[in-house]
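Numbering starts at 1 and runs along the sequence shown. When reading the values below, keep in mind they use all heavy atoms of this one structure, side chains included, and skip hydrogens, waters and symmetry mates.
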Amino acid sequence: NGEAILSQHMGDLEDYTTYEDYLRNLALYTKLFAHEPQSIAVDAHPEYLSSKHGRETADRRGLQLHEIQHHHAHIVSCMAEHKLDGAVIGLAFDGTGYGTDGTIWGGEVLVAEAKQFERVAHLAEVPMPGSSAAIKEPWRMALSHLRATFGDNLPGLELPLLQQIEPPKINIIVEMMEKGVNCPQTSSLGRLFDAVAAITGIRQRVNFEGQAAMELEMLADGHSDAIYDIQWTSHAPIKILPQTIIRGVVQDIQNGMTPGDISIKFHQTLMVLFSEICVTIRRRHDLNRVVLSGGCFQNSLLLKGLIGQLEAQYFEVFAHQQVPANDGGIALGQALVAASIADAS
């Protein structure tokens, strides 16, 4: 009836007690609000436990099932919060989301409306060695981006990273990438943050997702207009090439720049890069509203800086204020996408 009720964020459903709590809360909310669903919305990822439960529920009750792309739901959650209709430019930045092509997305520029979207730009894909293990060990993503940038010259680089990780482990990861073994492709901005944090020697292993990126952000004390070289392909969808950024980071390390100054320069690069991408998309699609969503926008430096860059280009910018930018708010977007598809049919 035109209202949405979000539960508290419950945590990682792969933990059994958390999953049990999820099921209890789902039953409780359904009873408290006398809710009788007409359809079920789930994330499109085939292995999420919440998605499996949604599919089973829809099948058991004979309800229509909507599988919603992760980053589309992120953007629509922010659109719902601001009551936006029509198409927008959506910047969906996070660590992991299942893409329509079977790769792991996370550095996405979408032209989105409630019932549909188009992927118009994204970070160029690199391997994610060990899949989920790369989330816990950012040095794996560092090796992936370094190999994509320097190729066979990787072993000769003078970097703290290559001194902190045992050579046999490095050789195993390189071999995995060469053979394509357990190395899904990813366009994730969150994993690029991890890679830069590891390359600069800030952190090679984390205790929770996003820890390395958070520490990289915290080191960025001050301001600089300096940026790394940026490059992208011209054809649609635009592919943003991180190699020029990685090459610049390595050069700065070798020239003795501090991790804090590298962090400032890296953040500034992302702000300029994506504001310029949005200018290109505006020219192609005649859109002037930009919506920001995804876990990377918990980074206040990136959020405030990018808003400033976009507003300087005369965009109308929308970011989360009531609903979490990360996956704690994605259900709102999933519900609205599903409702819009149902209304259209």
Rounded to the nearest 0.5 Å, what separates atom [atom1] in [X] from atom [atom2] in [Y]?
X	Y	atom1	atom2	result
L189	L302	CG	CG	7.0 Å
D43	S50	CG	OG	6.5 Å
D94	F297	CG	CZ	10.0 Å
I341	L336	CD1	CG	10.0 Å
I68	S340	CD1	OG	9.0 Å
R247	L146	CZ	CG	10.5 Å

Distance-only donor-acceptor pairs under 3.5 Å for side chains of residues 114-126, two or more places apart:
{"unit_1": "Q116", "atom_1": "NE2", "unit_2": "E113", "atom_2": "OE2", "d": "3.2"}
{"unit_1": "R119", "atom_1": "NE", "unit_2": "E108", "atom_2": "OE1", "d": "2.6"}
{"unit_1": "R119", "atom_1": "NH2", "unit_2": "E108", "atom_2": "OE1", "d": "3.0"}
{"unit_1": "R119", "atom_1": "NH2", "unit_2": "H122", "atom_2": "ND1", "d": "3.4"}
{"unit_1": "R119", "atom_1": "NH2", "unit_2": "S187", "atom_2": "OG", "d": "3.3"}
{"unit_1": "E125", "atom_1": "OE1", "unit_2": "K239", "atom_2": "NZ", "d": "3.2"}

| task | Would you mind listing every ring-ring contact (aromatic ring centres under 6.0 Å, His included) that reaches into residues 303-325, with sequence neighbours excluded? | result |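 Matches after skipping sequence neighbours: H82-F318.
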
| said: For I173 and W139: C-alpha separation, side-chain torsions, deciding distance, then whether side-chain contact (heavy atoms from CB on, under 4.5 Å) applies. | reply: CA-CA 10 Å; I173 295 302; W139 63 268; 3.5 Å; yes

| For E36 and R61, what are the C-alpha separation, side-chain angles and deciding distance, and is it a side-chain contact (heavy atoms from CB on, under 4.5 Å)? | CA-CA 11 Å; E36 286 294 331; R61 301 181 63 173; 3.1 Å; yes

| said: For a 4.5 angstrom cut-off between non-hydrogen side-chain atoms, does L192 reach I246? | reply: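 Side chain of L192 against side chain of I246, heavy atoms only: contact under 4.5 Å found.
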
| P160 side chain near I253 side chain, heavy-atom distance below 4.5 Å |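 A side-chain contact exists here, since the closest heavy-atom pair is under 4.5 Å.
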
| query | How about Y48 and Y98: are their ring centres within less than 6.0 Å of each other? | reply |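 Distance test on ring centres: not under 6.0 Å, no.
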
| query | Is the Y228-F266 ring centre distance short of 6.0 angstrom? | reply |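 Aromatic pair excluded; centres sit 6.0 Å or further apart.
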
| query | Are a donor atom and an acceptor atom from the side chains of H70 and D327 found within less than 3.5 Å of each other? | reply |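 Checked: H70/D327 side chains pair up, N/O donor to acceptor below 3.5 Å.
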
| said: Just by distance, no angles: are the side chains of N326 and H9 close enough, under 3.5 Å, to form a donor-acceptor pair? | reply: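 Absent: no donor and acceptor within the cut-off.
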
| said: Go through it in stages, so that I can follow the logic: the residues are K179 and E175, the test is salt bridge (charged side-chain N to carboxylate O under 4.0 Å, His left out), and I'd like the CA-CA distance, side-chain angles, deciding distance and then a yes or no. | reply: CA-CA 6 Å; K179 295 181 178 179; E175 186 175 1; 2.8 Å; yes

Donor-acceptor under 3.5 Å ([X] side chain, [Y] main chain):
X	Y	answer
Q298	G295	yes
S51	V42	no
S293	H74	yes
R140	M128	no

| said: In terms of relative ring orientation, are H53 and Y22 parallel, tilted or perpendicular, with 30° and 60° separating the classes? | reply: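 Perpendicular: the ring planes of H53 and Y22 meet at over 60°.
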
